[in-house]
Amino acid sequence: MATERYNAREAEARWQKAWTEAKVFETKNDDPRPKYYVLEMFPYPSGRIHIGHVRNYTMGDVVARYKRARGFNVLHPMGWDAFGMPAENAAMKGHVHPKSWTYDNIATMRGQLKSMGLSLDWSREFATCDVEYYTQQQKLFLDFMKAGLVSRKKSKVNWDPVDMTVLANEQVIDGRGWRSGALVEQRELVQWFLKISDFSEELLSAIDTLDRWPEKVRTMQRNWIGKSEGLRVRFEIDGPAAGGDPTIEVFTTRPDTLFGMSFLAISADHPVARALGEGNADVTAFIDDCHRIGTSAAALETAEKKGYDTGLKVRHPFNGKSYPVYIANFVLMDYGTGAIFGCPAHDQRDLDFARKYDLTVTPVVLPDGEDAGNFVVGNVAFTEDGKLINSDFLNGLGVDEAKNKVASILETRDLHGKPAGARQVNYRLRDWGISRQRYWGCPIPVIHCDSCGVVPVPTKDLPVKLPDDVEFDRPGNPLDRHPTFSKCTCPECGKPARRETDTMDTFVDSSWYYSRFTEPRAGTPTVPSVVNSWLPVDQYIGGIEHAILHLLYSRFFTRAMKATGHVDFDEPFRGLFTQGMVVHETYQTADGEWVSPGDVDIVTDGGTRKARLRTTGEDVTIGAIEKMSKSKKNTVDPNDILESFGADTARWFMLSDSPPERDVEWTDAGAQGTARFLQRVWRIVSETSELVPATGTAEGGDKLALTLRKAAHKTLAMVEENIEGLRFNVALAKIYELVNTIGSALANERGTLEGDLAASNALREAVGILVKIMAPMTPHLAEESWAALGHDGMLALSDWPVLEKSLLVEDEITLPVQVNGKKRADVTVSRTAGNAEVEAAALALEPVIRALEGKSPKKVIVVPGRIVNVVA
RNA sequence: GCCCCAGUGGCGAAAUGGUAGACGCGGCAGACUCAAAAUCUGUUAUCUGCGAGGAUGUGCUGGUUCGAGUCCGGCCUGGGGCACCA
């Protein structure tokens, strides 16, 4: 058969051009068909697309192309999450302006994405660093201010005392600044916040409505919001008050354990701690020590638990005893009241602390089945339910009863003019600090006036544009030292004033871009009628690493935009899918240098794989399969893949094998296998077009014709089901099976196919279905094949095949037969056979009789259409 | 440290509580070829057996069930997130 090989490079460029020229993927807002909005998380323009992008955008594209074929008006846009630190780092390192660095990167990456053949509406593209985009974002900010959703308060930052600059958490390594190596300090700055905590309850309860989100993401968000019901308890200071207030208030979810108290601990930032620190060098030293741990929760909680005994005592509300007050490095000022009471027997952290400082451990909750006389707590706290002991009037109660009793008493008792206790619902979720002391972000549009205070920039004066003439020759915020940026006049009184130099967290940019795509050039943030018709996003696809922050901020932002009239819906993402990462083997030379896969040859020597350095032939060690990272050099550049194999191979391979939510490993051998498979499909298409030139209708037929038709329609049904469920790897496996069926028919039944019209029409139908169901994954090959089969017009514009359900029904079914849960035989029965009939047939089988060893069955379980289990 | 997730052949994996290993990669054997590549066919969990077959097997461990990779309890290992990386 003189079939030419499929030339991916040539065909892909040709079809990409044809799609662009015909504007096939440009979406109209007034199209009457039902809408479908599919969106992948937009990329940060780091310079080159990453293999993870290839995977993410291929998945979205499969959905987009599939839904388009099924008759939807599909919106599938792309843009750039273009503000952020790397541009400034590049500016400091390479003397290139963040703006040109970013836009150059975008140009490169746009080209790479285009070569993937994604069905994107490029006419809607924007970058968040476009002045047009951040102007609208500034308008939103001003509207949020008006609506009372913005606040200013003091909050902590990591401060590098040598570079004199604020550091991001990732720039703090082992407590030191990444460039200077100086010990990082905490500083308090007055910063801008969005009041996400106003929506804590709403964001929590609405999680129940997100039924097309992964359960694990919903759980993570629930835990993050962290609703807890507890009691604020005020303890009287035993002796002179520090700082005026004669009491210290704690928040606890376990008021039932009050009688097990052995200390009270306050945060290093608690007003009492600060008051004690004044004029006391020891206290100050301890507080400074706490501040050096950093600001990240992970650092705080993995640090060794330390406390400082202040010498202060508090009086217990019930037993009248005094307990020591510690300043402790694990108590957070941001959560609750910044103070806790410690009950070591029933809280692990308190127990660790008590053991370290030799404090008493009194169990007050007795596990069921334990004896109060012998029960002791060792090094594991008991945190579950039980009966109260050693607790005076609470003895014998359950945990919940005891909590209620304590709350009822304390909320009616007076302590220095206020109730001694108050029930409170508390959330872990904190307000969203959006201030960044950096250049490459959206300027916060406010002005500071000595007379008028904080004044919003009037809308007519927007945008507050980032100046281009900035220098990165030293660390710190270039906006601060810019000669004119901060100089302005107060819009209210006209006196000289200062412009805010903080810019916004880049999470703000990504919290509403999905709405902007619906009308990306509008002079308002959104056009409500348009955005309300498109949103919510039907299918959002992105990395699991965004499970909490980005997705929660977006959910909040949508509500804030609703409150200010920009949108009229609550939840931005109806369906969410979180994909796994792309991983790769690592390679290391004998002296520990990491080696890139591109510099390594893999050889198989007697069944074992070995790796050699291509240049020198030196053996290198094959290491663990890990997340691709620059430091381990185990990255694969998608460009190489696209150039050597073509987009369809890259796309197909990214979808095959691994389930999309799991990590996937890129292997060269796998890519080659995919390329071979695509050539095989091309041969099948070519042979079919030569063999069956006429267009006939497939119907009826027997033997081969029926086999082919059944295989094609069964595959069609499975592919529909598995694309809808985003199980791409399974959909692909079913396509392989169809190709195997068609391939073996072409190889072994040539005579029938040439002589029997029913068979040849069935072949043609099967190949046509094959091409169409592959089109979402390998669109270029599918277009080329469609044309080769003699069709006019683009496949991208044609409909999905119509499923003939009658072909899915089988007359006979084969059921496995188990004896005591072990499979012993198969039984083939009519589809309509009743349970008694199936049972009789199963018991008559020779292997079943043998397995029963003469015993009579006690019970026979027949699950219709599934299985027979004989219990002996 | 806290929250969440994953673990199945040599490898990637499949499996509404119902035949564990579909499909692919790799390997092995064969066909075609002067030869190679490409292609095609067969085979491929482990142990045992000439074979029919039998036994074992889904990270470890205990449980629920007629039946558990799947559900529940306790562990182990790896990964993601932890509020200024995006």
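Chain letters run A, B, ... following the sequence lines, proteins first and then strands; every chain starts at 1.
- A salt bridge is defined here as a Lys NZ or Arg NE, NH1 or NH2 lying under 4.0 Å from an Asp or Glu carboxylate O, and A/Glu687 with A/Arg683 fails to meet this definition.
- Here the nucleotide nearest the side chain of A/Asn169, chosen from B/C85, B/G26, B/U19, is B/C85.
- Between the P atom of B/C5 and the CH2 atom of A/Trp213 lies a distance of 16 Å, rounded to the nearest Å.
- B/G57 and B/G73 are spaced 23 Å apart, taking the C1' atom of each and rounding to whole Å.
- For B/G73, the paired nucleotide is B/U61, the pair qualifying as Watson-Crick or G-U wobble because both relevant distances are below 3.5 Å.
- B/G51: no Watson-Crick or G-U partner with both key distances under 3.5 Å is found in any strand.
- Salt bridge annotation for A/Lys356-A/Glu304: present, with a cationic side-chain nitrogen under 4.0 angstrom from a carboxylate oxygen.
- One P atom belongs to B/G51, the other to B/U16, and the distance between them is 35 Å to the nearest Å.
- Of all nucleotides present, only B/G81 satisfies the Watson-Crick or G-U wobble test against B/C2, with each distance under 3.5 Å.
- For B/G24, the OP1/OP2 oxygens have a side-chain nitrogen or oxygen of A/Asn740 closer than 4.0 Å.
- The P atoms of B/A68 and B/G17 are separated by 15 Å, rounded to the nearest whole Å.
- The phosphate of B/C4 has OP1 or OP2 within less than 4.0 Å of a side-chain N or O from A/Asn223.
- OP1 or OP2 of B/A13 has at least one side-chain nitrogen or oxygen of A/Ser658 nearer than 4.0 Å.
- B/A45 and B/A35: their P atoms are spaced 32 Å apart (whole Å).
- Donor-acceptor pairing under 3.5 Å is recorded for the side chains of A/Gln191 and A/Ser155.
- For the OP1/OP2 pair of B/C40 and a distance below 4.0 Å, the side-chain nitrogens and oxygens of A/Arg683 include at least one atom meeting the criterion.
- Base contact: A/Arg428 has a heavy atom under 4.0 Å from a base atom.
- Residue A/Lys822 places at least one side-chain N or O closer than 4.0 Å to OP1 or OP2 of B/U56.
- When the P atom is used for both B/G69 and B/U56, the distance is 13 Å, rounded to whole Å.
- Comparing the same atom, C1', in B/A13 and in B/G26 gives a spacing of 14 Å after rounding to whole Å.
- Residue A/Arg662 places at least one side-chain N or O closer than 4.0 Å to OP1 or OP2 of B/G7.
- Set against B/A38, B/G24, B/A86, the side chain of A/Arg5 has B/A38 as its closest nucleotide.
- The partner of B/C32 is absent, by the rule that a Watson-Crick or G-U pair needs both atom distances under 3.5 Å.
- Heavy-atom nearest nucleotides on RNA chain B were determined for A/Ile867 and for A/Met220, and the one closer to the 5' end corresponds to A/Met220.
- Across all strands, A/Thr302 comes closer than 4.0 Å to base atoms (heavy-atom distances).
- Residue contacts shown for A/Val166 include a base, since a base heavy atom lies under 4.0 Å away.
- Judged by closest nucleotide on RNA chain B, A/Val870 is the one of A/Val870 and A/Ala298 placed further toward the 5' end.
- A donor N or O paired with an acceptor N or O is found under 3.5 Å between the base of B/C84 and the side-chain atoms of A/Gln191.
- Under the 4.0 Å criterion applied to side-chain N and carboxylate O atoms, A/Lys153 and A/Asp431 are assigned as salt-bridge partners.
- Checking B/C23, B/A86, B/A14 against the side-chain heavy atoms of A/Pro659 singles out B/A14 as nearest.
- For A/Met654 and B/A13, the CE to P distance is 12 Å, given to the nearest whole Å.
- Contact annotation: A/Asn729 side-chain N/O to B/C23 OP1/OP2 distance is not under 4.0 Å.
- The side chain of A/Ser296 places no N or O atom within less than 4.0 Å of a non-bridging phosphate oxygen (OP1 or OP2) of B/C82.
- If you take atom C1' in B/A14 and the same atom in B/U65, they sit 24 Å apart, rounded to whole Å.
- OP1 and OP2 of B/A38 both lie 4.0 Å or more from every side-chain N or O belonging to A/Arg680.
- No donor-acceptor pair under 3.5 Å is formed between the side chain of A/Thr295 and the backbone N or O of A/Asn158.
- Between the side chains of A/Trp440 and A/Thr102, a donor-acceptor pair is found at a separation under 3.5 Å.
- Judged by distance alone, with hydrogens and angles left aside, A/Arg866 brings a side-chain donor or acceptor within reach of the base of B/U16, the pair sitting under 3.5 Å.
- For the pair A/Glu846 CD and B/G54 C1', the interatomic distance rounds to 14 Å; values are reported in whole Å.
- Across all strands shown, A/Lys216 has heavy atoms under 4.0 Å from sugar-phosphate atoms exclusively, and none from any base.
- An OP1 or OP2 oxygen of B/G67 is reached within less than 4.0 angstrom by no side-chain nitrogen or oxygen of A/Arg824.
- Base pairing annotation: B/A37 forms no Watson-Crick or G-U wobble pair, as no partner gives both donor-acceptor distances under 3.5 Å.
- Under the 3.5 Å distance criterion, the side-chain polar atoms of A/Arg55 are matched with a main-chain donor or acceptor of A/Gly580.
- The backbone N or O of A/Asp509 lies less than 3.5 Å from no partner atom in the side chain of A/Asp81, so there is not a single donor-acceptor pair.
- Rounded to a whole Å, the OH atom of A/Tyr44 is 7 Å from the P atom of B/A86.
- Rounded to a whole angstrom, the distance from the C1' atom of B/G78 to that of B/A83 is 25 Å.
- In terms of polar N and O atoms assigned as donor or acceptor, the side chain of A/Gln171 never comes within less than 3.5 Å of the base of B/C84 in a complementary pairing.
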